[in-house]
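Order of the sequence lines fixes the chain letters, A, B, ..., with proteins taken first and strands second; residue numbering starts at 1 for each chain.
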2 protein chains.
Amino acid sequence: MTNRPLDRLDKRLLAQLQVDARLSFAELGRRVGLSTPATAERIRKLEEHGVLRGYRAELDSHSIGYPVTAFIRLYVPAESYPRVLAVIEGMPEIREAHHVTGEASFVLKAVAPSLIALETLISSFDSFGKTETSIVLSTRLAARGLPINP
Amino acid sequence: MTNRPLDRLDKRLLAQLQVDARLSFAELGRRVGLSTPATAERIRKLEEHGVLRGYRAELDSHSIGYPVTAFIRLYVPAESYPRVLAVIEGMPEIREAHHVTGEASFVLKAVAPSLIALETLISSFDSFGKTETSIVLSTRLAARGLPINP
DNA sequence: CTTGAAAATGTACGTCG
DNA sequence: CGACGTACATTTTCAAG
């Protein structure tokens with residue numbers, strides 16, 4: 001993973017792909033002033049170097065049966081981390097898990113089909129320590145791409 | 001935004017696109033047993049109905065100059081919400097903002113090029129109320145797609 | 001990085017169940 | 001109406017310069 005510096009063209013390509021990951025190489029090339037093969041090759045290298053980690057369709061969680069989203073803070077002793085992480089790994093409704101500074105050990109982002117299901121999900125961690133949950137009432141800002149300096 | 005029920009084929013298409021949003025219609029069709037035009041038409045409708053909200057490239061934030069990620073909880077009185085949201089809107093380093101239940105009013109997810117920059121970002125909210133920040137030490141799970149029941 | 005040709009894919013339309 | 005097959009435009013890929 002050599003940390004190649006990104007030039008202006010790379011940054012413009014990345015900025016475009018953050019907005020629409022399905023843009024064709026031809027269209028991307030047109031927008032930045034590059035031929036199709038040159039564009040494809042740059043993107044291949046950005047993937048190879050780990051700058052481009054993947055392309056994800058963004059779904060409406062409500063439409064797929066998950067109207068509830070919540071952030072859960074876990075307070076657990078360090079010796080429980082491996083078991084906690086194993087539990088998290090096996091729960092597909094947990095979409096993110098971060099080890100963080102401060103009192104809490106982990107911050108989780110989870111979805112659930114109902115509040116009862118969320119309650120069940122949270123109780124999976126009862127044996128490890130305390131939890132604190134913030135249920136999302138409304139999302140005011142989401143899926144904003146990373147700012148890219150030109 | 002009529003709430004069409006998703007059939008098995010829709011779900012399989014969505015599941016594939018969550019893993020790789022750049023899959024061709026031809027390839028998607030092959031995987032679920034549909035012709036290319038039929039696949040394209042289904043996906044067009046899923047977009048139209050708001051089930052498919054977009055296609056995003058996932059970038060490595062560290063590679064683009066943002067080694068720091070943090071969750072910030074904001075404690076502000078309801079009358080400050082409009083001004084707080086306006087501030088958030090104008091800060092590209094804030095990637096998510098959710099209005100939540102519990103003591104905190106908002107949960108933010110932000111990136112920063114340094115801890116000093118994060119400190120500056122957080123201080124933008126000092127005049128509105130209290131903040132609590134959890135800096136991400138390591139991400140154990142990220143970009144996991146929503147579970148889709150067949 | 002560009003050009004140019006061959007293969008694959010995307011899209012529009014006619015047709016069938 | 002939804003899915004298919006054909007026909008044609010666009011895109012992808014690969015070679016060579």
Asks: Would you say that B:F128 contacts B:R83 through its side chain, given a criterion of any heavy-atom pair below 4.5 Å between the two side chains?
Replies: yes
Asks: Do B:F106 and B:H98 have ring centres separated by under 6.0 Å?
Replies: no
Asks: Look only at the side chain of A:R22 and the backbone of B:L23, and say whether a donor-acceptor pair between them is shorter than 3.5 Å.
Replies: yes
Asks: Checking A:E47 against A:Y55: is there a side-chain donor and acceptor pair closer than 3.5 Å?
Replies: yes
Asks: Heavy atoms under 4.0 Å is the rule here; annotate nucleotides 2-17 of chain D 5' to 3' with B where the base is hit, S where only the sugar-phosphate is, and - elsewhere.
Replies: SSSB-----SBBB---
Asks: Under the side-chain hydrogen bond (donor to acceptor under 3.5 Å, both in side chains) rule, collect the residues that match up with B:R12, sequence neighbours excluded.
Replies: none
